[in-house]
Amino acid sequence: MTNPELRDQTAASESAQDHVQHDRLQSVIAELAAFGGRTDGGVSRETLTDNDLKARRYLIDLARSRGCSVTIDDCANLFFRRPGTSNLPPVLTGSHVDTQPVGGKLDGAYGVLAGLEVIAALNDAGIETLRPVEVVAWTNEEGCRFGPGAMGSSAFVDPSCLPAYRKSVDAMGVSFGDALDLVLEAVPDVPRRPMAEPMAACVELHIEQGPVLERAFVSLGVVTGIQSVRWYSIHLTGTAGHAGTMPMGERVDAMTAAVRLAQQLYAYQAVEAGEKLRLTLGRWQVSPNSINTIPGAVEFTVDVRCVDEQALVQFDAALNEIVQAHSWAGKIEVKPIFSRPPTHFPKSMLELIERACTRACSSASLAAPLRMTSGAFHDAMYLAEHCPTAMIFVPSKGGVSHNAAEETAPQELFLGAQALAYAVTSLANASHVR
């Protein structure tokens, strides 16, 4: 690339960044939040529900009003495309708009709406990009109605996942496949597109959902990767009995054993791993779950995460040692149920995101962006298997998310969209992306 070409690309990226509009972004955030909006300020918009369907129609109309063509794939992922001057693979941005049963207005939705704000900024600046720019709204990132999460992005990258996903059933007995078909039928004006299509690069903008940026007094985060994770199910089988008649020393109490085991796991985390390893014992099921019956069985889950995969290997060995050393008359079974290695974003993408964030922060006389790791899963985790990928974080007030109280300062949302505009425009004008 010659110096004049580089200067032209930089100028276009800066112009796109400078044409992002604060009030326009805030307006669409408020409008989308009305679909499933609650009186407490939260949003209830689980995937493939009526509220989700109405939100999708809103996005379709908004994207078309900004000159985009709209397509949908077999997993109901929506794509909004601004054409480029070539037929090279597009640059992708976006996130998801489904929420937890009681969620906030920003988790996922912010990334989609900021992507559409980038489209508006490019239009306002009169910028033609070499590559098309596509904004995506992925299906079922949250995974609360149908499991697992991130169905849309993972199925896009690997379509062979979709048949199994279609069999997933919600609490009311509705299958993901049936719900999916209803949503696809509701958009006859949106053409179908193939999955696993080539993408030049992907950038996902998201709220942090944690307290790191806020505590550091930093407005933008350059996400270096996503933590590795392992999930286990631990099942303890004892003997149920009468709470009033069975002497304490003769009980085979599954809850007593489960509590002791949990204490040992927490002790391992605190002493051996410290802050680098995050341990959660999240779901507990007790049988027969009666006030006056000794628990005969207890099952609980273990979620352990770390950016260092070796730390999880060590935890796995420690878990087995703790279980084997547990002196108890009952039975303990440990079942691994999920494992995901860490995601590391490419160096070249991190350098671009840092430039984009630095310029946005500098223009507002704010601290330089912070490099950090994501503790949560995101759709970018799967896109990283498909194309060069990166993420940008903005702070979450109090670290709160998956909650009606979820909040990010409007100025920080604006800065995130500015950084996204710079990065997306740079990638869309690159003849080669790596």
Side-chain angles (χ1 to χ4, degrees), residues 42 44 46-47 99-103 140 142-149 167-176 209 227 229-273 277-306 312 315-340 375-377 400-404:
S44 179
E46 291 185 78
T47 194
T99 73
Q100 291 286 320
V102 180
N140 191 36
E142 294 293 355
C144 50
R145 182 184 177 197
F146 301 102
K167 297 175 183 176
S168 179
V169 177
D170 70 6
M172 302 301 292
V174 178
S175 74
F176 179 71
Q209 301 180 282
Q227 288 188 117
V229 63
R230 296 189 184 195
W231 289 350
Y232 308 83
S233 173
I234 300 182
H235 190 95
L236 301 97
T237 305
T239 303
H242 196 291
T245 61
M246 181 63 69
M248 296 298 292
E250 297 180 33
R251 298 182 179 197
V252 187
D253 185 336
M255 179 56 76
T256 299
V259 169
R260 289 174 181 165
L261 185 56
Q263 289 173 334
Q264 288 179 280
L265 292 174
Y266 282 127
Y268 172 85
Q269 182 276 325
V271 175
E272 301 295 336
L277 188 144
R278 295 176 181 176
L279 173 70
T280 304
L281 310 185
R283 184 180 66 213
W284 290 75
Q285 295 177 316
V286 182
S287 176
N289 204 26
S290 170
I291 192 170
N292 61 347
T293 303
I294 301 164
V298 174
E299 182 178 4
F300 66 93
T301 57
V302 178
D303 176 315
V304 61
R305 305 184 188 216
C306 188
L312 297 190
F315 176 84
D316 187 78
L319 173 60
N320 288 328
E321 289 178 9
I322 290 170
V323 169
Q324 290 172 10
H326 210 75
S327 178
W328 182 58
K331 181 181 180 182
I332 305 177
E333 295 178 286
V334 178
K335 180 182 178 182
I337 53 178
F338 180 74
S339 178
R340 180 84 190 176
F377 291 166
V400 174
S401 186
H402 288 187
N403 188 307

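No experiment lies behind these values; they were computed from the predicted model shown. Residue numbers count from 1 along this sequence.
- With sequence neighbours excluded, the residues forming a side chain to side chain donor-acceptor pair (under 3.5 Å) with Arg230 are Glu309, listed by chain and number.
- The distance from the CG atom of Leu261 to the CD1 atom of Ile332 is 5.5 Å, given to the nearest 0.5 Å.
- Nearest heavy atom pair, residue Pro336 against residue Tyr232, reads CA-CD2, 4.1 Å.
- Separating the CG atom in Leu312 from the CD atom in Gln227 is a distance of 8.5 Å, to the nearest 0.5 Å.
- From Thr47, atom OG1 reaches atom CZ of Phe176 across 6.0 Å, with rounding to the nearest 0.5 Å.
- For the residue pair Val302 and Phe315, the shortest heavy atom distance occurs at CG1-CZ, 4.0 Å.
- For Val259, the side-chain contact (heavy atoms from CB on, under 4.5 Å) test picks out Met255, Gln263, with sequence neighbours left out.
- Looking at residues two or more places apart in sequence or on another chain, you find no side-chain contact (heavy atoms from CB on, under 4.5 Å) involving Glu321.
- In this structure Glu46 satisfies the side-chain contact (heavy atoms from CB on, under 4.5 Å) test together with Thr49, Pro101, Cys144, Arg145, sequence neighbours excluded.
- For Lys335, there are no salt bridge (charged side-chain N to carboxylate O under 4.0 Å, His left out) partners, not counting sequence neighbours.
- In this structure Arg340 satisfies the side chain to side chain donor-acceptor pair (under 3.5 Å) test together with Glu385, sequence neighbours excluded.
- Summarising the geometry of His235 relative to Thr237, their closest heavy-atom pair is CD2-OG1, 3.2 Å, with the distance given to 0.1 Å.
- A search for side chain to side chain donor-acceptor pair (under 3.5 Å) contacts involving Ser175 returns Asp178, not counting sequence neighbours.
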Determine all donor-acceptor pairs shorter than 3.5 Å in which one atom belongs to a side chain in residues 291-300; sequence neighbours excluded.
{"residue": "Asn292", "atom": "OD1", "partner": "Ser290", "partner atom": "OG", "Å": "3.0"}
{"residue": "Thr293", "atom": "OG1", "partner": "Ser290", "partner atom": "OG", "Å": "3.4"}
{"residue": "Glu299", "atom": "OE2", "partner": "Ser233", "partner atom": "OG", "Å": "2.5"}

Please list, one pair per line, the donor and acceptor atoms closer than 3.5 Å that link side chains of residues 278-289 to other protein atoms, with sequence neighbours excluded.
{"residue": "Trp284", "atom": "NE1", "partner": "Leu281", "partner atom": "O", "Å": "3.3"}

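- Ile234 has its side chain within reach of Leu319: a pair of non-hydrogen atoms, C-beta onward, lies under 4.5 Å apart.
- Heavy-atom minimum distance, Gly238 versus Ala254: N-CB, 4.1 Å.
- Across every non-hydrogen atom of Tyr268 and Ala318, the tightest pair is CE1-CB, 3.5 Å.
- Between the side chain of Gln269 and the backbone N or O of Leu277 there is at least one donor-acceptor pair closer than 3.5 Å.
- Scanning for side chain to side chain donor-acceptor pair (under 3.5 Å) contacts around Asp303 gives Trp231, Arg305, with sequence neighbours left out.
- Looking at residues two or more places apart in sequence or on another chain, you find no salt bridge (charged side-chain N to carboxylate O under 4.0 Å, His left out) involving Glu272.
- Screening residues 247-260 for salt bridge (charged side-chain N to carboxylate O under 4.0 Å, His left out) gives no qualifying pairs among residues at least two apart or on separate chains.
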